[in-house]
> 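Have a look at the structure that comes next, please.
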Amino acid sequence: MIVYTVGELLRQWRQRRGLSQLDLAIAADVSARHVSLVETGKSKPSADMILRLADQLHVPLRDRNRLLLAGGFAPRYAERPLDDNALSAVHDAIRRVLRAHEPYPAVVFDRRWNIVMTNRAVDPFFAQVAPDLLRPPVNLVRLGLDPRGFARMVVNLADVRAVFRTRISRQLATAPDPELTALYEELLAPEHDDTASQRIDADVVIPMILRVGGRELRLFSTITTFGTPMDITIDEVAIESYYPADAESAAYFTEESAAYFTE
């Protein structure tokens, strides 16, 4: 296992962001010489300086802790379970968002796309997939692309796979992660292209089209994240909310699922 100094790690993040030492120095309001001395190990940065540079480099909280440890300082950011008492206000906010989005589906997932919460509108779709895919941790990408999961219901699987590929490629470019890289290589590498799957032309957004009970549901989604998080868990979770893309899809949820949500 390679052990990097804090300067080496900062240089890696700077290069990952495509910034010169001068670019970073100007953004952080320090001299370019100081950035150079920190990166070469000739100057030992304070914890505040490490976080100051990390902030300008948009380093995720998990990796800011690693920078602090490499610099000889204690981690600054906690990582608590989402149901921890300290996160009760956030947990409650997420539940409210999920519940308010019904009768349309919404899921909460972590940085590795493992589902951590859902609303009730997701349950009927989960009921149609292989039980072993629902053993924790339930991975949204695997669930969406596995033939025993949602893949057999997705009409435009090639489009859906392409969206996953783009999003995870960007995520890995922002913050590399070995497990997420393995997931990408397993399910999203170019050789997994679905040449036989229907592709959809769209003017506004590319919908995900599901064939359920003889009906086609067209859905698009939005992603919600938390601003100014100070906990790693909160920094890494996202809420994906799905919306009907046409009146027929809206009718499926408001009419066919009405009894389910009024129980």
> Going by distance alone, is a donor N or O of one side chain under 3.5 Å from an acceptor N or O of the other, for Trp113 and Glu179?
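Judged by distance alone, the side chains do not pair up.
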> Take atom CG of Asp132 as the centre, draw a 6.0 Å sphere, and report whether it contains more than 12 heavy atoms from other residues, nucleotides or ligands.
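Counting other residues, nucleotides and ligands, CG of Asp132 exceeds 12 neighbours.
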> Between Glu39 and Arg14, does any side-chain N to carboxylate O distance fall below 4.0 Å?
yes
> Heavy atoms, side chains only, cut-off 4.5 Å: are Gln21 and Arg33 in contact?
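Of all side-chain heavy-atom pairs linking Arg33 with Gln21, none is under 4.5 Å.
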> I'd like to know if the side chain of Asp23 and the backbone of Ser20 have a donor-acceptor N/O pair within less than 3.5 Å.
yes
> Under a plain distance cut-off of 3.5 Å, with no hydrogens placed, do Glu79 and Thr233 share a side-chain donor-acceptor pair?
no
> Taking the side chain from Asn156 and the backbone from Pro207, do they hold a donor-acceptor pair closer than 3.5 Å?
yes
> Would you call Asp123 and Arg120 a salt bridge, using N to O less than 4.0 angstrom?
no
> Could you check whether atom CZ of Arg167 has more than 12 heavy atoms from other residues, nucleotides or ligands sitting under 6.0 Å from it?
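More than 12 within 6.0 Å, yes.
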> Between Arg142 and Glu186, does any side-chain N to carboxylate O distance fall below 4.0 Å?
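The answer is yes: the pair qualifies as a salt bridge.
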> Counting N and O atoms only, with roles assigned by atom type, does the side chain of Asp246 sit under 3.5 Å from a partner on the main chain of Arg218, one being a donor and the other an acceptor?
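Flag not set: sc Asp246 to bb Arg218 has no pair under 3.5 Å.
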> Can you tell me if Ser88 and Asn85 form a side-chain donor-acceptor pair at under 3.5 Å?
no
> Are any side-chain N or O atoms of Asn119 and backbone N or O atoms of Ala106, one a donor and one an acceptor, separated by less than 3.5 Å?
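Indeed, once roles are kept as given, a pair shorter than 3.5 Å links the two residues.
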